[in-house]
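Notes follow once the structure below has been shown.
In the text below, chain A, chain B and the rest are named by the order of the sequence lines, each starting its count at 1.
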2 protein chains.
Amino acid sequence: MRTRDRIVAAARALFNEQGFGAVTTAALAAQCGISEGNLWYHFKTKRDLMEAVADQFAETIDARLLLRPDPDGDGIADYARLIGALMEEFRLFRFLYRDQAAYGEHAPVIGQRAPEWIEATFAQIEAHLARLVDEGQLAWPRAGLRDLSINATIILRYGLEHYRELGEPTGTGTGAVRRTMERHLTLFQHALEPAAARRLRTALAEIAEIPIAA
Amino acid sequence: MRTRDRIVAAARALFNEQGFGAVTTAALAAQCGISEGNLWYHFKTKRDLMEAVADQFAETIDARLLLRPDPDGDGIADYARLIGALMEEFRLFRFLYRDQAAYGEHAPVIGQRAPEWIEATFAQIEAHLARLVDEGQLAWPRAGLRDLSINATIILRYGLEHYRELGEPTGTGTGAVRRTMERHLTLFQHALEPAAARRLRTALAEIAEIPIAA
DNA sequence: AAAAGTTTAGGGTGCGCACCCTAGACGGGC
DNA sequence: GCCCGTCTAGGGTGCGCACCCTAAACTTTT
């Protein structure tokens, strides 16, 4: 891996743990096992580094937003795939999801595009849920799918913070990701066809075991 | 109002807007219309000031946690009262609710008590919802009330951030508070007796108009 | 082998910020 | 009038941090 990429990855991880402001360039250089001078060779300012992370964030979101329910596929599997991708994103860029509006100042791409991303995410989830309704796996009024999508997004997104504040560990392997996904299921599991509910639960449990690209 | 109290109130408001770290003591003094020296007369360190705000936070939560559904009262009114108190708290101490775990380092009371507060909040909401079930106003399985309470807490709590990120104004008078409360209603309004749903909606709308102690 | 790119080590700067210090002014209570 | 508490003004310090600089060493590419 190129040094520059290693720096961006380490920065993202440290920002997730401590927040952007609390991570010193000295600590970051040490984490990468490089000299601070080398950090400055690759990035002119700390803000440039933030923008590199933000660009990755944008790319990740753009790629995820391409996910669509397959018309000839399996709605449950497609939905699980989407939720898995979302959770991965929330974890990879946790500091940005913790207080995204505040980072808009540091990285213009975020400030400009956050609203559109959020709306597109709701629409994406809604499309997947609508597929479940079409397949007879979910009994939910069409008019209520948007609200369900929004609520699901909020629950998934803030789930890890929720467990963190309860004093529970939230890192990989702790079960927090699985619990977060299960929590979001409580929004609509009563309206799922029982076998579909079981399949979805199983699919999400498998996804929860996949470690993220640290 | 005593200067010390004015300082604490101004600090809380500025921390809500900018976060603790981004508020300089110089800016705070200016906001209070006092000299910086006077700020240091009242508080030895910035952290002492943080702790004063945190103490208020703790008191507010402890007082709110005393709210109980009145056995001889009206479940809907009691529930609205609780939700109103919660929303007020989320707004008064918005910065602490934005990233509460991170503030545990600055103010020990938060770090030590956050888990217990959160659990108590769930139980409180659950008790109020159970009352609605008992009164026949809400059709919800008793076993599902805890999940509903948790989800409601998360939605209410992060609702303002949600609108903020959509680029919508969230201050007093913008309708964001009302929309947040309505959003949480989408979790269970389909299970509310129709007249009860209308009454609750009306009660929450009235609460949303009450400005918070700036 | 030479050129280009990357990295190190070690010194440094400038700035922002929390906080200190001091003498004196002012206001309220006795 | 005295005492005490509160506040001001204006000067300051020390520290943490992002970032700079430079020569040399090392690695990769041509």
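- Residues forming a salt bridge (Lys or Arg N to Asp or Glu O under 4.0 Å) with E206(B) (at least two apart in sequence, or on another chain): none.
- For the 3.5 Å distance criterion, the side chains of N38(B) and T3(B) fail to qualify, holding no donor opposite an acceptor.
- Between R157(A) and E165(B) a salt bridge is recorded (basic side-chain N to carboxylate O distance below 4.0 Å).
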(Q) At under 4.0 Å between heavy atoms, how does the protein contact nucleotides 7-30 of chain D? Give one character per nucleotide, 5' to 3', with B, S or -. (A) SB--------SSBS----------
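- Under the ring-ring contact (aromatic ring centres under 6.0 Å, His included) criterion, W140(A) pairs with H190(A), not counting sequence neighbours.
- The ring pair (Phe, Tyr, Trp, His ring centres under 6.0 Å) test with F90(A) singles out one residue from F95(A), F57(A), Y97(A), and that residue is Y97(A).
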